[in-house]
Peer 1: 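Here it is, the structure in full.
In listed order, ligands and their atoms are each counted from 1.
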Amino acid sequence: MFAAGGPEAVAVQEGRIAGVGSARDARGWTGAGTRVLELEGRTVLPGFQDAHLHPAHGGLAATQCYLFDADSREACLDAVARYAAEHPELEWIEGGGWSIDSFAGGTPSRGDLDAVVPDRPVFLDNRDGHGGWVNSRALELAGVTAETLDPPDGRVERKPSGEPQGTLHEGAMDLVRRLLPPISQEKWEAAILRAQEELHALGITAWQDAAVTADTYPAYLELAERGALTMRMEGNLLWERGADDGQLEELVARRDAGSAGRLRLRGAKIFVDGVLENFTGAVLEPYVGTDNAGLSMHDPDELAELVTALDARGFQVHMHTIGDRAVREALDATEAASRANGTRDRRFHLAHVQLVHPDDLPRFAELGVAANVSPYWACRSDYVTVLTEPFIGPERSARMYPFGSLLRAGAPLAFGSDWTVSTPNPLLEIEVAVTRAPTDDRGAEPLLPDEALDLPTALETFTAGSAWVNFLDDETGTIEPGKLADLVVLDRNVLDPGTGPIGDANVLLTLVEGEAVYAAPELGW
Ligand SMILES: [Zn+2]
(Lines give C-alpha, C1' and ligand atoms only; values in the text may rest on other atoms or scores of the structure.)
Protein backbone atom coordinates (compact mmCIF):
# COMPACT_ATOMS: atom_id res chain seq x y z
CA MET A 1 0.00 0.00 0.00
CA PHE A 2 2.81 2.44 0.77
CA ALA A 3 5.10 1.59 -2.11
CA ALA A 4 8.07 3.94 -2.45
CA GLY A 5 6.88 7.24 -3.77
CA GLY A 6 3.14 6.65 -3.44
CA PRO A 7 0.69 8.31 -5.81
CA GLU A 8 1.74 11.50 -7.60
CA ALA A 9 -1.78 12.85 -7.74
CA VAL A 10 -5.20 12.30 -6.20
CA ALA A 11 -8.49 13.61 -7.53
CA VAL A 12 -11.29 14.55 -5.14
CA GLN A 13 -14.91 14.89 -6.11
CA GLU A 14 -17.88 15.49 -3.83
CA GLY A 15 -15.89 14.55 -0.75
CA ARG A 16 -14.62 11.28 -2.15
CA ILE A 17 -11.48 10.06 -3.84
CA ALA A 18 -12.17 10.03 -7.57
CA GLY A 19 -8.75 9.12 -8.95
CA VAL A 20 -5.32 7.95 -7.79
CA GLY A 21 -2.39 7.95 -10.16
CA SER A 22 0.53 9.64 -11.83
CA ALA A 23 1.01 13.28 -12.73
CA ARG A 24 0.21 12.27 -16.30
CA ASP A 25 -3.10 10.66 -15.21
CA ALA A 26 -4.00 13.87 -13.41
CA ARG A 27 -4.17 15.77 -16.72
CA GLY A 28 -7.22 13.69 -17.63
CA TRP A 29 -9.09 14.49 -14.42
CA THR A 30 -11.12 17.42 -15.62
CA GLY A 31 -14.68 16.55 -14.56
CA ALA A 32 -16.90 19.29 -13.11
CA GLY A 33 -16.28 19.79 -9.40
CA THR A 34 -13.07 17.75 -9.46
CA ARG A 35 -10.09 19.05 -7.53
CA VAL A 36 -6.68 17.55 -7.98
CA LEU A 37 -3.93 17.23 -5.38
CA GLU A 38 -0.60 17.36 -7.21
CA LEU A 39 2.04 15.97 -4.91
CA GLU A 40 5.26 17.00 -6.69
CA GLY A 41 7.51 15.04 -4.36
CA ARG A 42 5.33 15.43 -1.30
CA THR A 43 3.46 12.51 0.30
CA VAL A 44 -0.26 11.96 0.50
CA LEU A 45 -1.49 9.50 3.09
CA PRO A 46 -4.89 8.52 4.43
CA GLY A 47 -5.70 10.81 7.36
CA PHE A 48 -4.23 9.49 10.60
CA GLN A 49 -6.64 7.86 13.03
CA ASP A 50 -5.72 7.93 16.70
CA ALA A 51 -7.37 4.89 18.25
CA HIS A 52 -6.89 5.86 21.90
CA LEU A 53 -6.62 9.36 23.31
CA HIS A 54 -8.26 11.80 25.69
CA PRO A 55 -9.03 14.88 23.60
CA ALA A 56 -11.46 16.63 25.93
CA HIS A 57 -8.95 16.46 28.74
CA GLY A 58 -6.13 17.47 26.41
CA GLY A 59 -8.00 20.59 25.39
CA LEU A 60 -8.96 21.34 28.98
CA ALA A 61 -5.41 20.92 30.28
CA ALA A 62 -4.30 23.84 28.14
CA THR A 63 -6.62 26.13 30.11
CA GLN A 64 -5.47 24.92 33.55
CA CYS A 65 -2.15 24.77 35.40
CA TYR A 66 -0.18 23.13 32.60
CA LEU A 67 2.81 21.01 33.60
CA PHE A 68 3.32 18.96 30.43
CA ASP A 69 6.32 21.11 29.47
CA ALA A 70 7.80 21.09 32.98
CA ASP A 71 10.53 18.46 33.00
CA SER A 72 11.85 18.75 36.55
CA ARG A 73 10.58 19.19 40.09
CA GLU A 74 11.75 22.82 40.11
CA ALA A 75 10.05 23.57 36.79
CA CYS A 76 6.79 22.09 38.08
CA LEU A 77 6.89 24.15 41.27
CA ASP A 78 7.70 27.33 39.32
CA ALA A 79 4.77 26.71 36.99
CA VAL A 80 2.40 26.07 39.90
CA ALA A 81 3.54 29.21 41.72
CA ARG A 82 3.14 31.28 38.56
CA TYR A 83 -0.31 29.89 37.78
CA ALA A 84 -1.53 30.45 41.35
CA ALA A 85 -0.29 34.04 41.27
CA GLU A 86 -2.00 34.69 37.92
CA HIS A 87 -5.30 33.24 39.16
CA PRO A 88 -6.09 34.75 42.55
CA GLU A 89 -9.82 34.25 41.80
CA LEU A 90 -9.64 30.44 41.78
CA GLU A 91 -10.76 28.55 44.83
CA TRP A 92 -8.82 25.45 43.72
CA ILE A 93 -5.58 25.25 41.80
CA GLU A 94 -6.20 22.48 39.26
CA GLY A 95 -4.17 21.11 36.45
CA GLY A 96 -1.80 18.38 35.51
CA GLY A 97 0.95 17.03 33.34
CA TRP A 98 3.71 16.35 35.85
CA SER A 99 5.84 13.34 35.14
CA ILE A 100 6.94 10.75 37.67
CA ASP A 101 10.51 10.87 36.42
CA SER A 102 10.78 14.44 37.75
CA PHE A 103 10.47 13.29 41.36
CA ALA A 104 12.45 11.00 43.63
CA GLY A 105 10.61 7.69 43.79
CA GLY A 106 8.06 9.06 41.32
CA THR A 107 6.07 10.58 44.18
CA PRO A 108 5.96 14.38 44.52
CA SER A 109 5.35 15.64 48.06
CA ARG A 110 2.74 17.89 49.61
CA GLY A 111 5.48 19.78 51.41
CA ASP A 112 6.81 21.03 48.06
CA LEU A 113 3.36 22.25 47.06
CA ASP A 114 2.69 23.80 50.47
CA ALA A 115 5.77 25.96 49.98
CA VAL A 116 4.30 27.55 46.83
CA VAL A 117 0.55 27.37 47.58
CA PRO A 118 -0.04 27.24 51.33
CA ASP A 119 -3.55 28.66 51.51
CA ARG A 120 -5.64 27.18 48.69
CA PRO A 121 -6.16 23.50 47.86
CA VAL A 122 -4.17 22.10 44.92
CA PHE A 123 -4.89 19.01 42.81
CA LEU A 124 -2.55 18.15 39.94
CA ASP A 125 -2.90 15.05 37.75
CA ASN A 126 0.08 13.02 36.68
CA ARG A 127 0.48 13.10 32.88
CA ASP A 128 -0.42 9.40 32.71
CA GLY A 129 -3.60 10.02 34.72
CA HIS A 130 -2.69 7.34 37.25
CA GLY A 131 -1.69 9.60 40.12
CA GLY A 132 -2.55 12.92 41.75
CA TRP A 133 -0.36 15.43 43.58
CA VAL A 134 -2.06 17.38 46.35
CA ASN A 135 -1.08 19.88 49.03
CA SER A 136 -1.90 19.78 52.72
CA ARG A 137 -4.90 22.11 52.37
CA ALA A 138 -6.51 19.69 49.85
CA LEU A 139 -5.89 16.71 52.15
CA GLU A 140 -7.32 18.63 55.07
CA LEU A 141 -10.51 19.54 53.16
CA ALA A 142 -10.86 15.91 52.07
CA GLY A 143 -10.29 14.64 55.61
CA VAL A 144 -7.43 12.37 54.54
CA THR A 145 -5.19 11.56 57.51
CA ALA A 146 -2.91 8.81 58.81
CA GLU A 147 -6.08 6.97 59.87
CA THR A 148 -7.64 7.01 56.37
CA LEU A 149 -7.67 3.52 54.84
CA ASP A 150 -6.57 2.96 51.24
CA PRO A 151 -9.50 2.40 48.88
CA PRO A 152 -9.60 -1.06 47.23
CA ASP A 153 -8.60 0.38 43.84
CA GLY A 154 -5.82 2.72 44.91
CA ARG A 155 -3.22 3.73 47.45
CA VAL A 156 -2.36 6.80 49.50
CA GLU A 157 1.41 7.31 49.44
CA ARG A 158 2.50 7.70 53.07
CA LYS A 159 5.36 8.93 55.19
CA PRO A 160 6.87 6.41 57.64
CA SER A 161 4.50 7.88 60.25
CA GLY A 162 1.50 6.88 58.14
CA GLU A 163 0.68 10.52 57.34
CA PRO A 164 -0.27 11.11 53.68
CA GLN A 165 2.82 12.16 51.75
CA GLY A 166 1.10 14.09 48.94
CA THR A 167 0.79 11.56 46.10
CA LEU A 168 -2.45 9.65 45.59
CA HIS A 169 -2.34 6.59 43.35
CA GLU A 170 -5.18 5.44 41.10
CA GLY A 171 -8.57 5.27 42.89
CA ALA A 172 -7.14 7.15 45.90
CA MET A 173 -7.18 10.30 43.76
CA ASP A 174 -10.95 10.36 44.16
CA LEU A 175 -10.57 11.05 47.88
CA VAL A 176 -9.66 14.61 46.83
CA ARG A 177 -10.93 14.82 43.25
CA ARG A 178 -14.57 14.53 44.33
CA LEU A 179 -14.24 18.00 45.90
CA LEU A 180 -13.15 19.80 42.71
CA PRO A 181 -15.57 22.38 41.33
CA PRO A 182 -17.59 21.02 38.36
CA ILE A 183 -16.57 21.97 34.82
CA SER A 184 -19.36 23.54 32.77
CA GLN A 185 -20.54 22.05 29.48
CA GLU A 186 -19.43 25.22 27.69
CA LYS A 187 -15.93 24.73 29.01
CA TRP A 188 -15.89 21.12 27.80
CA GLU A 189 -17.09 22.19 24.36
CA ALA A 190 -14.32 24.76 24.10
CA ALA A 191 -11.80 22.14 25.24
CA ILE A 192 -12.91 19.65 22.57
CA LEU A 193 -12.78 22.29 19.82
CA ARG A 194 -9.30 23.32 20.92
CA ALA A 195 -8.13 19.70 20.80
CA GLN A 196 -9.75 19.19 17.40
CA GLU A 197 -7.94 22.15 15.91
CA GLU A 198 -4.61 21.03 17.33
CA LEU A 199 -5.02 17.45 16.09
CA HIS A 200 -6.25 18.32 12.61
CA ALA A 201 -3.02 20.32 12.27
CA LEU A 202 -1.15 17.06 12.95
CA GLY A 203 -2.96 15.25 10.12
CA ILE A 204 -5.52 13.46 12.28
CA THR A 205 -8.97 12.99 10.76
CA ALA A 206 -10.50 10.47 13.18
CA TRP A 207 -10.02 9.79 16.84
CA GLN A 208 -11.25 7.38 19.43
CA ASP A 209 -11.90 9.11 22.75
CA ALA A 210 -10.95 6.38 25.19
CA ALA A 211 -13.16 7.62 28.00
CA VAL A 212 -16.28 9.63 27.35
CA THR A 213 -17.78 10.44 30.73
CA ALA A 214 -21.13 11.73 31.91
CA ASP A 215 -19.42 15.19 31.88
CA THR A 216 -17.99 15.19 28.35
CA TYR A 217 -20.86 13.31 26.69
CA PRO A 218 -23.30 16.27 26.44
CA ALA A 219 -20.55 18.51 25.06
CA TYR A 220 -19.73 16.06 22.26
CA LEU A 221 -23.38 15.60 21.41
CA GLU A 222 -23.98 19.35 21.24
CA LEU A 223 -20.95 19.89 18.98
CA ALA A 224 -21.90 16.99 16.70
CA GLU A 225 -25.48 18.17 16.38
CA ARG A 226 -24.48 21.65 15.38
CA GLY A 227 -21.94 20.37 12.85
CA ALA A 228 -18.92 21.70 14.73
CA LEU A 229 -17.34 18.26 15.11
CA THR A 230 -15.22 17.94 11.97
CA MET A 231 -13.25 15.02 13.41
CA ARG A 232 -14.67 11.52 12.99
CA MET A 233 -15.21 10.58 16.57
CA GLU A 234 -15.55 7.10 17.97
CA GLY A 235 -16.44 7.37 21.62
CA ASN A 236 -16.03 4.92 24.46
CA LEU A 237 -18.33 5.26 27.41
CA LEU A 238 -16.26 4.80 30.53
CA TRP A 239 -17.30 1.95 32.81
CA GLU A 240 -16.96 3.52 36.26
CA ARG A 241 -15.58 1.18 38.89
CA GLY A 242 -17.82 0.72 41.87
CA ALA A 243 -20.89 2.32 40.30
CA ASP A 244 -24.12 0.42 40.90
CA ASP A 245 -25.95 -2.09 38.73
CA GLY A 246 -27.93 0.56 36.88
CA GLN A 247 -24.78 1.56 35.03
CA LEU A 248 -25.22 -0.86 32.13
CA GLU A 249 -28.68 0.45 31.27
CA GLU A 250 -27.41 4.02 31.62
CA LEU A 251 -24.58 3.38 29.16
CA VAL A 252 -26.95 1.68 26.71
CA ALA A 253 -29.31 4.68 26.85
CA ARG A 254 -26.47 7.15 26.42
CA ARG A 255 -25.04 5.20 23.51
CA ASP A 256 -28.38 4.85 21.75
CA ALA A 257 -29.03 8.59 21.97
CA GLY A 258 -25.47 9.58 21.22
CA SER A 259 -24.86 9.29 17.50
CA ALA A 260 -25.05 12.46 15.44
CA GLY A 261 -23.01 13.93 12.61
CA ARG A 262 -19.51 12.51 12.89
CA LEU A 263 -20.04 11.30 16.45
CA ARG A 264 -20.44 7.59 17.03
CA LEU A 265 -20.63 5.97 20.46
CA ARG A 266 -19.96 2.31 20.16
CA GLY A 267 -17.35 1.44 22.75
CA ALA A 268 -17.28 0.70 26.44
CA LYS A 269 -13.95 1.29 28.16
CA ILE A 270 -12.81 -0.78 31.10
CA PHE A 271 -9.64 -0.38 33.13
CA VAL A 272 -8.25 -3.86 33.75
CA ASP A 273 -5.13 -2.69 35.63
CA GLY A 274 -2.96 0.36 36.36
CA VAL A 275 0.64 0.99 35.24
CA LEU A 276 3.96 -0.72 35.97
CA GLU A 277 5.74 2.42 37.18
CA ASN A 278 3.69 2.54 40.38
CA PHE A 279 3.31 -1.25 40.68
CA THR A 280 -0.40 -1.20 39.88
CA GLY A 281 0.10 -2.89 36.48
CA ALA A 282 -1.18 -6.48 36.88
CA VAL A 283 1.68 -8.93 36.26
CA LEU A 284 1.74 -12.73 36.25
CA GLU A 285 4.78 -12.88 38.54
CA PRO A 286 5.35 -10.35 41.36
CA TYR A 287 7.54 -7.27 40.89
CA VAL A 288 11.19 -8.02 41.63
CA GLY A 289 11.89 -8.40 45.34
CA THR A 290 8.23 -8.07 46.39
CA ASP A 291 5.17 -10.24 46.72
CA ASN A 292 3.09 -7.60 44.93
CA ALA A 293 1.77 -8.62 41.51
CA GLY A 294 -0.13 -5.39 40.89
CA LEU A 295 -3.80 -4.59 40.83
CA SER A 296 -6.64 -6.22 38.92
CA MET A 297 -9.29 -3.52 38.89
CA HIS A 298 -11.91 -6.27 38.56
CA ASP A 299 -11.82 -9.81 39.82
CA PRO A 300 -11.20 -11.94 36.66
CA ASP A 301 -14.57 -13.74 36.90
CA GLU A 302 -16.37 -10.43 37.34
CA LEU A 303 -14.46 -8.99 34.40
CA ALA A 304 -15.59 -11.90 32.21
CA GLU A 305 -19.19 -11.33 33.31
CA LEU A 306 -18.97 -7.60 32.69
CA VAL A 307 -17.42 -8.02 29.22
CA THR A 308 -20.03 -10.67 28.36
CA ALA A 309 -22.85 -8.36 29.45
CA LEU A 310 -21.48 -5.40 27.48
CA ASP A 311 -20.95 -7.60 24.45
CA ALA A 312 -24.52 -8.91 24.67
CA ARG A 313 -25.70 -5.30 24.46
CA GLY A 314 -23.61 -4.67 21.35
CA PHE A 315 -20.75 -2.64 22.82
CA GLN A 316 -17.28 -2.76 21.34
CA VAL A 317 -15.19 -3.40 24.45
CA HIS A 318 -11.94 -1.44 24.83
CA MET A 319 -9.74 -2.47 27.74
CA HIS A 320 -6.77 -0.72 29.32
CA THR A 321 -4.17 -3.47 29.77
CA ILE A 322 -0.53 -2.87 30.73
CA GLY A 323 0.79 -5.95 32.53
CA ASP A 324 0.84 -9.52 31.20
CA ARG A 325 -1.77 -10.64 33.72
CA ALA A 326 -4.11 -7.84 32.66
CA VAL A 327 -3.65 -8.83 29.01
CA ARG A 328 -4.43 -12.45 29.86
CA GLU A 329 -7.50 -11.56 31.95
CA ALA A 330 -8.82 -9.32 29.13
CA LEU A 331 -8.29 -12.06 26.52
CA ASP A 332 -9.97 -14.59 28.84
CA ALA A 333 -12.92 -12.24 29.26
CA THR A 334 -13.21 -11.80 25.49
CA GLU A 335 -13.13 -15.55 25.05
CA ALA A 336 -15.88 -15.94 27.65
CA ALA A 337 -18.01 -13.32 25.86
CA SER A 338 -17.71 -15.00 22.50
CA ARG A 339 -18.47 -18.38 24.02
CA ALA A 340 -21.60 -16.99 25.67
CA ASN A 341 -22.82 -14.71 22.89
CA GLY A 342 -21.64 -16.42 19.71
CA THR A 343 -19.73 -15.08 16.75
CA ARG A 344 -20.07 -11.45 15.72
CA ASP A 345 -17.90 -8.67 14.32
CA ARG A 346 -16.72 -7.44 17.74
CA ARG A 347 -13.35 -5.78 17.11
CA PHE A 348 -12.56 -5.65 20.80
CA HIS A 349 -9.23 -3.99 21.49
CA LEU A 350 -6.67 -3.91 24.25
CA ALA A 351 -4.96 -0.58 24.76
CA HIS A 352 -1.22 -0.18 25.51
CA VAL A 353 -0.27 -3.88 25.87
CA GLN A 354 3.14 -3.23 27.44
CA LEU A 355 3.82 -6.86 28.47
CA VAL A 356 2.41 -9.96 26.84
CA HIS A 357 3.20 -13.49 27.95
CA PRO A 358 4.42 -15.44 24.89
CA ASP A 359 1.54 -17.94 25.29
CA ASP A 360 -0.93 -15.10 24.77
CA LEU A 361 0.57 -13.66 21.56
CA PRO A 362 -1.42 -15.93 19.19
CA ARG A 363 -4.68 -15.34 21.08
CA PHE A 364 -5.12 -11.84 19.60
CA ALA A 365 -5.47 -13.30 16.11
CA GLU A 366 -7.52 -16.26 17.31
CA LEU A 367 -10.02 -14.04 19.10
CA GLY A 368 -9.96 -11.21 16.54
CA VAL A 369 -8.81 -8.76 19.24
CA ALA A 370 -6.67 -5.79 18.20
CA ALA A 371 -3.57 -4.69 20.04
CA ASN A 372 -4.11 -0.94 20.22
CA VAL A 373 -0.56 -0.01 21.15
CA SER A 374 1.04 3.29 22.15
CA PRO A 375 4.09 3.54 19.88
CA TYR A 376 5.72 6.59 21.48
CA TRP A 377 6.45 4.65 24.67
CA ALA A 378 8.52 1.94 22.98
CA CYS A 379 11.98 3.36 23.60
CA ARG A 380 14.57 3.49 26.35
CA SER A 381 13.17 6.51 28.19
CA ASP A 382 13.52 6.91 31.96
CA TYR A 383 10.06 5.38 32.25
CA VAL A 384 11.50 2.17 30.84
CA THR A 385 15.08 2.10 32.13
CA VAL A 386 14.69 3.68 35.57
CA LEU A 387 11.08 3.11 36.55
CA THR A 388 10.26 -0.23 34.95
CA GLU A 389 13.15 -2.53 33.99
CA PRO A 390 14.64 -2.83 37.51
CA PHE A 391 11.24 -3.81 38.89
CA ILE A 392 10.24 -6.38 36.29
CA GLY A 393 13.65 -7.99 35.76
CA PRO A 394 15.49 -9.03 32.61
CA GLU A 395 13.16 -11.76 31.28
CA ARG A 396 10.14 -9.48 31.16
CA SER A 397 12.21 -6.48 30.08
CA ALA A 398 13.12 -8.51 26.98
CA ARG A 399 9.49 -8.57 25.86
CA MET A 400 8.34 -5.00 26.37
CA TYR A 401 6.08 -3.36 23.78
CA PRO A 402 6.18 -6.45 21.54
CA PHE A 403 4.84 -4.82 18.36
CA GLY A 404 6.89 -7.01 16.01
CA SER A 405 5.95 -10.21 17.85
CA LEU A 406 2.27 -9.26 17.81
CA LEU A 407 2.46 -8.54 14.08
CA ARG A 408 4.21 -11.85 13.39
CA ALA A 409 1.54 -13.62 15.46
CA GLY A 410 -1.12 -12.11 13.18
CA ALA A 411 -2.62 -9.70 15.73
CA PRO A 412 -4.62 -6.82 14.27
CA LEU A 413 -2.58 -3.71 15.22
CA ALA A 414 -3.70 -0.12 15.75
CA PHE A 415 -1.98 2.96 17.18
CA GLY A 416 -3.26 5.23 19.91
CA SER A 417 -1.21 8.09 21.35
CA ASP A 418 -2.92 8.15 24.76
CA TRP A 419 -2.58 11.96 24.59
CA THR A 420 -2.34 13.74 27.04
CA VAL A 421 -0.05 11.07 28.45
CA SER A 422 2.28 11.67 25.51
CA THR A 423 2.45 13.61 22.28
CA PRO A 424 -0.45 13.30 19.84
CA ASN A 425 1.91 13.86 16.87
CA PRO A 426 1.59 10.74 14.66
CA LEU A 427 4.84 11.45 12.83
CA LEU A 428 6.86 11.37 16.05
CA GLU A 429 5.02 8.26 17.21
CA ILE A 430 5.64 6.48 13.89
CA GLU A 431 9.31 7.38 14.12
CA VAL A 432 9.59 5.63 17.51
CA ALA A 433 7.67 2.58 16.24
CA VAL A 434 10.30 2.29 13.50
CA THR A 435 13.50 3.24 15.37
CA ARG A 436 12.57 2.23 18.95
CA ALA A 437 14.64 5.27 20.03
CA PRO A 438 13.42 8.55 21.57
CA THR A 439 12.83 11.35 19.05
CA ASP A 440 14.84 13.75 21.22
CA ASP A 441 17.82 11.36 21.44
CA ARG A 442 17.91 9.68 18.05
CA GLY A 443 21.31 8.07 18.48
CA ALA A 444 20.26 6.24 21.65
CA GLU A 445 20.36 2.46 21.93
CA PRO A 446 17.08 1.12 20.53
CA LEU A 447 14.67 -0.78 22.77
CA LEU A 448 14.44 -4.38 21.50
CA PRO A 449 14.99 -3.67 17.78
CA ASP A 450 13.36 -7.01 16.83
CA GLU A 451 10.10 -5.49 17.98
CA ALA A 452 10.36 -2.50 15.59
CA LEU A 453 7.93 -2.11 12.69
CA ASP A 454 9.09 -1.05 9.24
CA LEU A 455 7.89 2.35 8.05
CA PRO A 456 5.19 1.14 5.62
CA THR A 457 3.76 -1.10 8.36
CA ALA A 458 3.82 1.73 10.90
CA LEU A 459 2.03 4.05 8.44
CA GLU A 460 -0.53 1.37 7.72
CA THR A 461 -1.09 0.80 11.45
CA PHE A 462 -1.86 4.49 12.05
CA THR A 463 -4.28 4.59 9.09
CA ALA A 464 -5.87 1.30 7.98
CA GLY A 465 -5.13 -0.45 11.29
CA SER A 466 -6.75 2.21 13.42
CA ALA A 467 -9.59 2.57 10.88
CA TRP A 468 -10.40 -1.11 11.43
CA VAL A 469 -10.62 -0.60 15.18
CA ASN A 470 -12.73 2.50 14.55
CA PHE A 471 -15.13 0.55 12.28
CA LEU A 472 -14.25 3.12 9.62
CA ASP A 473 -12.32 0.85 7.26
CA ASP A 474 -15.13 0.63 4.68
CA GLU A 475 -14.95 4.36 4.05
CA THR A 476 -11.48 5.49 5.16
CA GLY A 477 -7.98 4.29 6.02
CA THR A 478 -6.67 3.73 2.49
CA ILE A 479 -6.40 5.84 -0.65
CA GLU A 480 -8.73 4.19 -3.14
CA PRO A 481 -11.29 5.58 -5.56
CA GLY A 482 -14.70 5.70 -3.91
CA LYS A 483 -13.44 6.14 -0.36
CA LEU A 484 -13.97 9.37 1.57
CA ALA A 485 -11.30 11.99 0.87
CA ASP A 486 -9.90 12.04 4.41
CA LEU A 487 -6.28 12.74 3.54
CA VAL A 488 -3.09 14.29 4.84
CA VAL A 489 -0.31 15.83 2.75
CA LEU A 490 3.24 15.88 4.14
CA ASP A 491 5.92 18.27 2.92
CA ARG A 492 8.34 15.60 1.66
CA ASN A 493 8.47 12.06 0.35
CA VAL A 494 8.68 10.33 3.71
CA LEU A 495 9.24 6.93 2.08
CA ASP A 496 12.52 8.15 0.61
CA PRO A 497 15.16 7.51 3.32
CA GLY A 498 17.13 10.49 1.99
CA THR A 499 14.52 12.89 3.40
CA GLY A 500 15.54 12.17 7.01
CA PRO A 501 13.50 10.98 10.01
CA ILE A 502 9.76 11.04 9.46
CA GLY A 503 9.38 12.90 12.76
CA ASP A 504 10.91 15.95 11.05
CA ALA A 505 8.25 16.06 8.32
CA ASN A 506 5.50 18.66 8.45
CA VAL A 507 1.82 18.46 7.70
CA LEU A 508 0.79 20.81 4.89
CA LEU A 509 -2.86 19.91 4.47
CA THR A 510 -5.51 17.84 6.21
CA LEU A 511 -8.74 17.05 4.42
CA VAL A 512 -11.93 15.57 5.78
CA GLU A 513 -14.28 14.63 2.96
CA GLY A 514 -12.30 16.89 0.69
CA GLU A 515 -12.68 19.95 2.95
CA ALA A 516 -9.52 21.47 4.41
CA VAL A 517 -9.65 21.25 8.19
CA TYR A 518 -6.02 22.37 8.32
CA ALA A 519 -3.96 24.03 5.62
CA ALA A 520 -0.48 25.43 5.94
CA PRO A 521 -0.33 28.77 4.17
CA GLU A 522 2.13 27.46 1.53
CA LEU A 523 -0.31 24.93 0.06
CA GLY A 524 -3.49 26.52 -1.21
CA TRP A 525 -6.57 24.28 -1.24
ZN1 LIG B 1 -5.74 6.29 27.95
Side-chain angles (χ1 to χ4, degrees), residues 48-61 68 96-100 125-132 153-154 169-171 173-174 177 191-192 195 198-199 204 206-213 215-217 220 231 233-241 265-278 280-282 294-295 297-298 315-323 326-327 330 348-355 369-378 381 383 388 401 413-426 429 432 461-462 466 469-470:
F48 296 118
Q49 303 200 17
D50 191 322
H52 179 118
L53 80 172
H54 303 279
H57 293 86
L60 183 70
F68 290 87
W98 57 273
S99 172
I100 53 181
D125 263 315
N126 173 349
R127 71 178 60 169
D128 69 17
H130 293 270
D153 58 352
H169 300 287
E170 303 290 345
M173 287 189 280
D174 290 332
R177 198 158 46 186
I192 292 164
E198 193 176 324
L199 271 61
I204 295 170
W207 73 29
Q208 180 149 175
D209 186 323
V212 176
T213 62
D215 292 338
T216 57
Y217 170 83
Y220 271 119
M231 192 70 77
M233 150 81 177
E234 277 291 318
N236 292 267
L237 297 168
L238 181 65
W239 183 266
E240 309 263 9
R241 286 191 300 267
L265 295 173
R266 188 191 318 265
K269 164 77 178 299
I270 303 172
F271 278 92
V272 179
D273 67 344
V275 293
L276 300 180
E277 293 86 354
N278 66 6
T280 58
L295 208 60
M297 300 288 178
H298 301 267
F315 282 101
Q316 179 189 21
V317 180
H318 177 172
M319 289 180 263
H320 167 107
T321 55
I322 290 280
V327 169
F348 285 1
H349 49 130
L350 308 192
H352 315 316
V353 193
Q354 185 166 357
L355 280 182
V369 171
N372 182 353
V373 298
S374 314
Y376 199 70
W377 304 350
S381 67
Y383 271 82
T388 303
Y401 300 116
L413 277 187
F415 281 161
S417 67
D418 209 17
W419 186 58
T420 55
V421 175
S422 40
T423 176
N425 184 336
E429 296 168 64
V432 178
T461 303
F462 232 139
S466 294
V469 165
N470 289 339

Peer 1: Specify whether an N/O/S atom of His52 falls short of 2.8 Å from the Zn ion (ligand 1).
Peer 2: yes
Peer 1: Has Ser99 got a side-chain atom pairing as donor or acceptor with Asn126's backbone, closer than 3.5 angstrom?
Peer 2: no
Peer 1: For the residue pair His320 and His318, is the inter-centroid distance of their aromatic rings smaller than 6.0 Å?
Peer 2: no
Peer 1: Can you tell me the N, O or S atom of Asp418 that's nearest the Zn ion (ligand 1)?
Peer 2: OD1
Peer 1: Using the rule given for side-chain hydrogen bond (donor to acceptor under 3.5 Å, both in side chains), can you reason through Thr280 versus Asn278, listing the C-alpha separation, both sets of side-chain angles and the distance that settles it, and then say yes or no?
Peer 2: CA-CA 6 Å; Thr280 58; Asn278 66 6; 2.5 Å; yes
Peer 1: Regarding His54, does it place an N, O or S atom less than 2.8 Å from the Zn ion (ligand 1)?
Peer 2: yes
Peer 1: Side chain to side chain donor-acceptor pair (under 3.5 Å) with Asn372: which of His349, Gln208, His52?
Peer 2: His349
